[in-house]
Amino acid sequence: MTDLLKGLNPEQKLAVTTREGPVLVLAGAGSGKTKVITVRMAFLMLWGVHPENILAMTFTNKAAGEMRERVAGLVGKDKAKLLTVGTFHSFCVKLLRAHAAEAGLAPNFTICDSSDQLAAVKGALRELRIGEASIQPSVLQGRISLMKNKLMSSESFLSTAAGDEDELVGRAWKMYEEHLRRARTVDFDDLLLFTLQLLRTNEKVRTELEHRFRYVMVDEYQDTNGPQYEIVKLIAGRHKNLCVVGDDDQSIYGWRGADVTKILSFEKDFRGAKVIRLETNYRSTAEILEAANKVIANNPNRHAKTLRSALGKGEAIVMLRGDDEASEADAAAKEIAERVRLNHSKFSDFAVLFRTQTQPRAFEEQFRLRAIPYVLIGGMSFFDRKEVRDVLAYLRLANNPRDEVSFLRVVNCPPRGIGKGSIDKAVDIATQHGISVVKVFETPELAAELPAATVDAVRTFRNTLSVFAADPGEALVGWIRQLLEAVNYRGEVDRAYPDPKTREERWQGVMEVLDMAENHVRRTRKASLATFLEALTLDAEDSRGDDKQQKKDAVTLMTLHSAKGLEFERVYLVGVEEGILPHARSVAEDTVEEERRLMYVGITRAKRHLTITLTKSRSKYGTRVDSHPSRFLYEMKGETPPKDWKAAGGAAPPVRVEKGGKRTRAKKKSAKSGAAHLPHKDL
DNA sequence: CATGAATTTTTTTTT
DNA sequence: AAAATTCATG
């Protein structure tokens with residue numbers, strides 16, 4: 001038992017051994033937060049707590065997996081298997097599946113991802129005859145989601161709506177809910193809200209959870225939003241054996257309703273809470289931490305903390321300034337290739353971290369030119385590919401014939417002679433009667449109003465699909481093959497992409513879905529179509545990126561948001577310019593503090609070495625725009641940006657520009673002039 | 001109805 | 001620059 005505590009510092013030990021009552025662990029970046037949680041779980045078990053009585057909530061599936069694995073390393077696989085470790089969302093899905101009726105949901109409810117959500121929002125607007133000119137669907141989607149995450153209901157919003165725009169939003173919101181209900185689907189936010197509602201109204205379920213989960217832990221507590229907080233309170237509020245771990249300096253999900261004040265007011269919400277601070281950083285060198293500390297010190301509202309490095313001073317931070325994004329990427333690629341060639345590092349030691357999803361493109365190109373292996377994490381690009389979305393829509397439709405969004409998506413793909421006109425008409429009729437489009441085709445009187453040819457084509461289509469009404473269970477892969485065969489999806493790919501090369505690429509996407517299905521069946525006990533679809537929507541990210549990343553030695557490319565919680569030997573923090581980091585929109589919306597935390601997260605991912613890069617100009621919407629060094633670069637050096645630093649020809653950047661050397665150029669395009677190079681302090 | 005051309009819009013971050 | 005959407009033609 002004492003072995004477990006070996007290698008923990010006094011604060012960590014305290015966090016691990018405080019068994020009863022509320023505990024808040026304020027854990028700075030790299031201070032051994034995950035270690036504390038995992039050892040704590042192991043310690044509880046050695047104390048005689050049954051693993052089934054322990055619940056740990058994480059923010060991502062990846063974090064959940066890692067946590068379980070690490071606990072398994074301490075107490076053995078068999079015990080670790082009995083723990084409940086997962087994201088709020090996956091926890092909620094399980095609970096809602098088990099109590100669908102009590103929660104007011106259909107037994108086969110599906111979860112819609114954000115593009116389905118967007119489609120539903122558009123449907124709602126169309127139904128209300130609100131032109132997309134008056135409000136942008138994606139904006140509306142964001143507003144609805146944000147309000148839900150702030151625990152507002154459409155009713156209460158409408159009743160307090162002030163102004164035409166709010167009223168419009170409120171009405172659209174209600175219609176959106178109606179759409180989801182008709183399609184028997186819920187969005188991500190609903191998973192939390194329905195769970196909350198269930199726990200509030202159903203005492204039996206609530207007491208069951210209270211009794212089962214005697215010890216509750218929440219990771220990344222600073223990212224907890226309203227509904228999540230309430231759920232935790234309902235489960236752990238009685239026994240109060242709640243340990244939350246987080247860092248207010250790493251709160252980067254405010255735009256999603258995360259509420260930093262929750263971590264600041266924990267002591268008030270849970271009386272007598274023990275507060276433990278972890279400020280020794282075991283991850284990064286002093287050079288890196290000094291930069292991080294300096295930047296974050298500019299945030300006024302925070303629990304003051306200063307990270308102390310347990311490691312030495314280390315290498316100086318390096319800055320590179322390229323002429324444009326190609327040169328920026330090329331400079332990084334060149335360095336990486338060189339280090340690996342000299343055997344100083346391997347590719348997987350490196351990560352390139354960026355703010356927005358447009359940035360990785362240039363890096364992908366340059367990495368390809370130099371044959372540097374890389375994995376692009378997130379980006380959702382795979383699931384955004386048309387053919388993948390089509391296949392998924394087919395699967396969803398088979399799983400839930402009322403899934404309107406999926407129905408509309410594939411009803412004429414491949415073309416079946418069902419035109420847009422007829423579909424619009426059908427949607428109209430559905431609207432008038434307050435029923436789903438699918439239902440219109442099921443009701444002969446209503447279908448009679450549509451062109452006979454269309455009705456016929458839809459009937460044929462549905463007959464084809466009806467063969468696949470039953471969930472195939474573990475025979476999933478063959479079943480999907482047959483389904484694709486039956487609707488002649490291969491034919492659609494051939495038709496839509498005459499160029500054999502792109503055709504092959506597209507088909508590859510379809511095959512990848514099959515691969516994923518196979519993996520799913522292999523890894524999941526009682527796999528089925530339903531579990532597969534759920535896994536796809538809930539852990540879209542890690543179900544693929546993950547094993548790829550492990551499989552090969554490759555550079556990691558990802559957003560700052562997805563980098564949280566991870567660490568790399570050598571980090572390239574890229575595009576550190578005004579307008580990108582901080583993002584222009586954050587500047588406009590006055591949320592620069594959160595951007596600063598993002599910068600802080602980025603810096604503190606690096607263990608031994610950090611390179612910050614930027615450009616002199618980059619193309620935006622297709623035209624070139626001058627770029628300016630981020631204010632955070634000045635802050636990092638303890639300076640404030642000069643007034644005119646963004647004016648053309650304004651102040652010199654806070655980095656000394658050395659005339660950089662030779663450039664390799666594969667072909668096309670300018671040999672770029674030297675990327676600026678600057679050691680921060682001397683080595 | 002389907003196809004391809006012309007146009008418009010797009011860029012925050014994610015479970 | 002690329003993608004999405006609308007328009008015009010067969």
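Every value quoted in this text rests on a predicted model; they were computed, and no experiment measured them. The sequence lines fix the lettering, A, B, ..., with proteins before strands; numbering per chain opens at 1.
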For atom [atom1] of [X] and atom [atom2] of [N], their distance in whole Å:
{"X": "Y621(A)", "N": "dA1(C)", "atom1": "OH", "atom2": "C1'", "result": "12 Å"}
{"X": "K122(A)", "N": "dT6(C)", "atom1": "NZ", "atom2": "P", "result": "9 Å"}
{"X": "Q222(A)", "N": "dT13(B)", "atom1": "CD", "atom2": "P", "result": "20 Å"}
{"X": "Q117(A)", "N": "dT14(B)", "atom1": "CD", "atom2": "C1'", "result": "11 Å"}

Carboxylate-amine/guanidinium contact [X] [Y], below 4.0 Å:
{"X": "D223(A)", "Y": "R256(A)", "value": "no"}
{"X": "R361(A)", "Y": "E364(A)", "value": "no"}
{"X": "R396(A)", "Y": "E404(A)", "value": "no"}
{"X": "K616(A)", "Y": "D626(A)", "value": "no"}
{"X": "K425(A)", "Y": "E449(A)", "value": "no"}
{"X": "R585(A)", "Y": "E589(A)", "value": "yes"}

Given dT15(B), dT14(B), dT11(B), which nucleotide is nearest the side-chain atoms of Q357(A)?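 Selected nucleotide: dT14(B).
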Just compare dT11(B), dT13(B), dT5(C) and give me whichever is closest to any side-chain atom of T358(A).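 It is dT11(B).
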Counting any heavy atom closer than 4.0 Å, what does [X] reach on the DNA or RNA strands: base, sugar-phosphate only, or nothing?
{"X": "F88(A)", "answer": "nothing"}
{"X": "N412(A)", "answer": "sugar-phosphate"}
{"X": "Q228(A)", "answer": "nothing"}

Secondary structure of DNA chain B per the Watson-Crick/G-U criterion (both distances under 3.5 Å; [ ] crossing, | other strand, . unpaired) is ||||||||||.....
Just the atom pairs and distances: protein N or O near nucleotides 3-5 of chain B's N or O, under 3.5 Å.
residue	atom	partner	partner atom	Å
dT3(B)	OP1	R495(A)	NH1	3.3
dT3(B)	OP2	R495(A)	NH1	2.9

Between the protein and nucleotides 8-10 of chain C, list the N/O to N/O atom pairs that are separated by less than 3.5 angstrom.
none

Could you say whether the aromatic ring of W255(A) and the base of dT13(B) stack, counting only centre distances under 5.5 Å and plane angles under 30°?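 W255(A) vs dT13(B): stacking yes.
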Do any pairs count as a salt bridge (Lys or Arg N to Asp or Glu O under 4.0 Å) and have a residue in residues 138-149 of chain A, sequence neighbours left out, and if so which ones?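 Listed once each, the pairs are R143(A)-E165(A), R143(A)-D166(A), K148(A)-D187(A), K148(A)-D190(A).
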How close do D323(A) and T615(A) get, counting heavy atoms only, and between which atoms?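 Of all heavy-atom pairs spanning D323(A) and T615(A), the closest is O-CB, 4.2 Å.
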Non-neighbouring partners of Y253(A) that pass ring pair (Phe, Tyr, Trp, His ring centres under 6.0 Å), sequence neighbours left out: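 Checked Y253(A) against ring pair (Phe, Tyr, Trp, His ring centres under 6.0 Å); matches are F59(A), W255(A), H561(A).
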Using the salt bridge (Lys or Arg N to Asp or Glu O under 4.0 Å) criterion, which residues pair with R302(A)? Sequence neighbours excluded.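 Listed in chain order: D249(A).
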